[in-house]
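Excluded from the calculations below are hydrogen atoms, water molecules and symmetry mates; all remaining heavy atoms, backbone and side chain alike, are included. Residue numbers begin at 1 in each chain, while the letters A, B, ... track the order of the sequences.
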Amino acid sequence: MSLNFSEIEKKWKKYWKDNNTYNVDIDENKKKYYVLDMFPYPSGAGLHVGHPLGYIASDIYSRYMKMKDFNVLHPMGFDSFGLPAEQYAIQTGIHPADSTEENIRRYKGQLSNLGLNYDWSREVRTSDPGYYKWTQWIFARMFEHYYNIKLQKADSIDNLIKEFEKDGNLFVDAFCSEERKFTAAEWKNMSDKEKDNVLMNYRLAYRKIGHVNWCEALGTVLANDEVKDGVSERGGHPVVKKPMNQWSLRITAYAERLLNDMDEIDWSDSLKTMQRNWIGRSEGLQMFFELEGNSEKLEIYTTRPDTIFGVTFMVLSPEHPFVGMLTKPEYKKEVTEYRNYAQNRSEIERTSEKKVTGVFTGSYAINPLNGKKIPIWVSEYVLMDYGTGAIMAVPSDDDRDRAFAEKFNLHVIPVIDKTNYPGSTSKDKEGIMINSDFITGMEVPDAINAVIERVESLGIGKKQINYKLRDANFSRQRYWGEPFPVIYDKNEVAFLLPDDELPVELPSLDEFKPSTDGKSPLARNAGWVNEYEGFIRETDTMPGFAGSSWYFLRYMDPHNENEFASKEAMEYWQDVDFYIGGTEHAVGHLMYSRFYHKFLYDLNFVPTKEPFKRLVNQGMIQGVIEFLYLKKEKVNEISVFVSADLIPKDEVEDYAKIPVYIGFVKEYGSLNSYLDKAGIDQFRNWRKEYQNAEFVTSVGTYKGEDSGSFDNFKFYTLSEIGKMSKRYHNVVNPDDVVAKYGADTFRMYEMFLGPIEQSKPWDTKGIDGIGKFIKRFWGLFVSRDDNWLVTDTRAGDDELKLLHKTIKKVTEDIKNLSFNTAISAMMVFVNDAKKMNINSSEVLIPMIKLIAPFAPFISEELWHKAGMEGSVHHQLFPEYDEKYLRESMVSYPISVNGKKRGVEQFPKDMPKEDLQRKALELDYIQKWLQGKNVLKVIVVPGRMINIVVK
RNA sequence: GCCGAAGUGGUGGAAUUGGUAGACACGCUGGACUCAAAAUCCAGUGAUAGCGAUAUCGUGUGGGUUCGAGUCCCACCUUCGGUACCA
């Protein structure tokens, strides 16, 4: 056997490691290029076949850029803080640091099996104290800064204090949680606690009351995805929103810059749109409505001031502070019940269901522009976190308001006439105002301005820019995250620990469960909490994004103990040229990273405004989840599973779906996937609680070994496409695929599956095609009896044409990340080269270099077999030469009325008139023209000819 | 619900700016080699009708624009991702 991939892989993995083939350093003589993967969370399930999709793509690209003579930084690391390790620790008592270490070891082994060209000397881990020292350090800088609107950048809080001492905050223009004006004298008279409270309103890292998902029964705070239908996913206990003092980051201060600077970066339009919508900038009107029989005023925000004469009711969020006050006694019961109901529903549930819910408070507001009485309702579709938590509802021109009005029989007053704007929806700001007092007859945009002007002149509101983007909650009641470098005095005033005490290391614990009062597990360690006399420590930890929002900078200088990265390193590497990762990070991670980067830019710590120049979201490789249907009700105390083919659609509700390990399933992933007898026995052994379960199939019920002969029965499973995850027992390990087919084949197969941005379920159908291709490619160089076939003969023109055509196509496709078509071009090359019996080194040696980024192992082997020195991965990429690609003839499709009737070869430079004449003369075209008039002939030179007849 | 993406043969997918739909693979069918199998090689393969040349239909559904639509516009259906404490 002449191609032994496992030996080749072993040999070159060692060679690359021994020779530091993939290590990089600053080299002023070369242009830098920074290729970055989103670093993984090292989960206990190990790397699955979905992860490498992006890694292989970035590997090919960085290898290509190296061969184009760039100095390429291509590092990898681990986002190693996180919830799963902590939950695992709670279950098993194994310290998260230990399980994380073990998982990382496994991940690195799996990554190296794929032949990825990472510079491992630059590895970073977010849970490493040497790393999170700087995560804490950045937090400390945010605490010490506020956002100065005049300067349009972060500014030191010391400057702000100086300003307060001079003029109070009368002339301060800054992002602020709560604007309350005070003079210098008032400032000086404040207690330390009061001063601290005021400064908290300005700091970029600040404390405020936030709401968490609190589960009393579990005694813990839950993540949103641990809450389903208002109860905990684990155990099904009730979950409520609980107010707690939490750290936040004032990302809203950067909203405008996050929006505007997107013009400078090369991201897909869809991604930019997602970010824009997430920021959700809107211009509108903030205004007050008076309340009937109440001196308070209700503040609302609207983007459609033009519709103010169509307001027929007001809606408050259930959490709105006015709800209690406004509820009349006769409505108290209903409103209280409604608030309780809304309290344990997630934001997604509250806004996504079509169900319309709400209650009347019994109170009325007054429309300030026409004095009309407007009933005030409470409904969960209004969120407390956006705008002011209260809206003026205009059922004529807002879909949700209309649905609400229909359900509760509320008035509708049409205010916009859209007859001149066909196809215009209620969201489009166009039309002519009707039934609208002084703005009747105006166009919508004019009406908006007119109403704003009127409201401002009445002194009851002002024009305002709002963002959907909210400040980032920065506190987690968890163990496995970065501790805060913060202590509190007895008045709960927060102080930073000095920089030279960083990192604040995570103290060791024996018990990782949260403490029962909703505090983080760290609160259990009294010695640590009270280490500073007269102070107590912050016991919450930072969220995942604290470490992952700046890791790309640390790679530039990962071992620096004095700075998060040296000026020199950042001046050279600048920013990430090409970032690749999953769409699931399209908003959160990217938004936070951009915010962190901009903050560091303001402080002159980084040289660029944006961290990621070009970004591509690779699709997900999904798994197939195999479920068994289990009757929700036990029958005579016995669990009963029913084959999927026996369950009518309308009875599916009566069954629970139990995921089964895919290794037990026959015809896994297909519509006909099933368990046979052996599979069921495996399942019963695996899930002990179902050891005595019964399995109903169309040929009878299987109850275990002694239940008669059912040798050929099929118990059908339900196959669904979804995430590859430990909880679904459907993880496919790349190691197994690599061992069976070889790393080069695995790499090329994942790339050949389709466009990099597209998601698709994992499937090994077709991997043989790539295996065959690699063997055939190898076969161009090495005969079956291991003879070297390449000779020094000169290549013919047609051979060179084939080579240069392939180089051109592959080069262009790599640039466009169209790896699947690049591979197909190489397949075409191999097919043609076989037919042409090519053996000239002039053609074949460049092909080794061309395939090198895709198949690093066999290309390295062939390179050395050819007697070449050094690594093929340090060679220059082949260039194509146009002179070999010239064609003299073009084949023209000839159509009649747009239907192709034939194909004809014509010289490349034949004039239009000749093409037309020749086409019309063709016999088979004449046939289609019989008895018709030729209206015109469309000739697109180099493309096609179309004859229009009637 | 809202935001984003996708939908093309039996399957994965290909198709610069609207210009030869189905490249390249998988699978399948037939053949060569073989005692046989595997491997390899050769030929065929969207559907329907026809011996055939050929004709008609065909890119989720329904409309539209155009000499010409997978590609552009409108409406809809289905699937996937995100939705702020999973990472």
| Any N617(A) side-chain nitrogen or oxygen under 4.0 Å from OP1 or OP2 of rG4(B) | no

| Is W928(A) touching bases, backbone alone, or none of the nucleic acid, heavy atoms closer than 4.0 Å? | sugar-phosphate

| said: What contact category does V937(A) fall into here, base, sugar-phosphate, or nothing, at under 4.0 angstrom with non-hydrogen atoms? | reply: nothing

| Donor-acceptor pair under 3.5 Å, S895(A) side chain vs rU20(B) base | no

| request: Round to the nearest Å and state the distance from D813(A) atom CG to rA14(B) atom P. | output: 11 Å

| query | Which nucleotide sits closest to the side chain of N946(A): rG13(B), rG19(B), rA87(B)? | reply | rG19(B)

| message | I'd like to know if D399(A) and R402(A) make a salt bridge, using a cut-off of under 4.0 Å between side-chain N and carboxylate O. | response | yes

| field | Polar pair under 3.5 Å, donor/acceptor by atom type, side chain R943(A), base rU17(B) | value | yes

| field | Assigned glycosidic conformation for rG9(B) [threshold 90° from 0] | value | syn

| query | Looking only at side chains, do S282(A) and N466(A) share a donor and an acceptor under 3.5 Å apart? | reply | no

| remark: Ranking rC57(B), rA55(B), rG81(B) by distance to the side chain of K899(A), first place goes to rC57(B)

| request: State whether R901(A) places a side-chain N or O below 4.0 Å from either non-bridging phosphate oxygen (OP1 or OP2) of rU56(B). | output: yes

| Test of ring centre spacing under 6.0 Å for F773(A) and F752(A) | no

| Residue R784(A), side-chain heavy atoms: nucleotide from rC26(B), rU40(B), rC85(B) that is nearest | rU40(B)

| said: Over all strands shown, is S548(A) touching base, sugar-phosphate only, or nothing at heavy-atom distances under 4.0 angstrom? | reply: nothing

| What nucleic acid atoms does S475(A) come within less than 4.0 Å of, heavy atoms only: base, sugar-phosphate, or nothing? | base

| request: Compare the minimum distances between each of rG82(B), rA23(B), rG81(B) and the side chain of M274(A), then state the nucleotide with the smallest one. | output: rG81(B)

| request: May I ask you to say what R400(A) touches in the nucleic acid, namely base, sugar-phosphate or nothing, with a heavy-atom cut-off under 4.0 Å? | output: nothing

| note | In this structure, OG1 of T126(A) is separated from CE of M542(A) (nearest 0.5 Å) by 12.0 Å

| said: Base, sugar-phosphate or nothing for E812(A)? Non-hydrogen atoms, less than 4.0 Å. | reply: nothing

| message | Base, sugar-phosphate or nothing for N473(A)? Non-hydrogen atoms, less than 4.0 Å. | response | base

| Which nucleotide, in any strand shown, forms a Watson-Crick or G-U wobble pair with rU83(B), with both distances under 3.5 Å? | rG1(B)

| said: Does D763(A) reach a base, just sugar-phosphate, or nothing at all? Heavy atoms under 4.0 Å. | reply: nothing

| query | At under 4.0 Å between heavy atoms, what does I938(A) touch on the DNA or RNA strands: base, sugar-phosphate, or nothing? | reply | base

| request: Provide the Watson-Crick or G-U wobble partner of rA21(B), both distances under 3.5 Å; none if there is no partner. | output: none

| P40(A) near the nucleic acid: base, sugar-phosphate alone, or nothing, with a heavy-atom cut-off under 4.0 Å? | nothing

| The side chain of P893(A) lies closest to which of these nucleotides: rG81(B), rA14(B), rU20(B)? | rU20(B)

| request: When you get a sec, tell me which of rC86(B), rA25(B), rU40(B) is the closest nucleotide to the side chain of M827(A)? | output: rA25(B)

| Could one point to a donor on the side chain of Q246(A) or the base of rC85(B) with an acceptor on the other under 3.5 Å away? | yes

| task | Classify the nucleic acid contact of H585(A) as base, sugar-phosphate or nothing, counting any heavy atom under 4.0 Å across all strands shown. | result | base

| field | Side-chain H-bond candidate by donor/acceptor type, T135(A) with W550(A), under 3.5 Å | value | yes

| message | Would you say the ring centers of F5(A) and Y741(A) fall short of 6.0 Å from each other? | response | no

| Closest to side chain of K723(A), choosing from rC86(B), rG13(B), rC85(B) | rC86(B)

| said: With a 4.0 Å cutoff (strictly under), does any side-chain N or O of Q477(A) reach OP1 or OP2 of rC85(B)? | reply: no

| message | Closest approach to the side chain of R776(A), judged atom by atom: which nucleotide of rC41(B), rU40(B), rC85(B) is it? | response | rC41(B)

| query | On the ring face of W278(A), is R594(A) found with NZ or CZ under 6.0 Å from the centre and within 45° of the axis? | reply | no

| query | Between rC26(B) and K772(A), is there an OP1 or OP2 to side-chain N/O distance shorter than 4.0 Å? | reply | yes

| remark: On a heavy-atom basis, the closest approach of E86(A) and F512(A) is OE2-O, 4.1 Å

| note | Using Watson-Crick geometry (N1-N3 plus N6-O4 or O6-N4) or G-U wobble (N1-O2, O6-N3), each under 3.5 Å, rC51(B) is paired with none

| note | Taking a pair to mean Watson-Crick or G-U wobble geometry with both distances below 3.5 Å, rC28(B) pairs with rG44(B)

| task | Considering just the side-chain nitrogens and oxygens of R470(A), establish if one lies under 4.0 Å of OP1 or OP2 belonging to rA84(B). | result | no

| message | Nearest heavy atom decides the nucleotide; on that basis, is D79(A) or D471(A) closer to the 5' end of RNA chain B? | response | D471(A)

| field | Under 3.5 Å on both distances, the Watson-Crick or G-U partner of rG62(B) | value | rC74(B)

| query | Can you tell which of rA87(B), rU11(B), rA23(B) lies closest to the side chain of S824(A)? | reply | rA23(B)

| message | The side chain of E584(A) is closest to which nucleotide in this list: rG82(B), rC24(B), rC85(B)? | response | rG82(B)

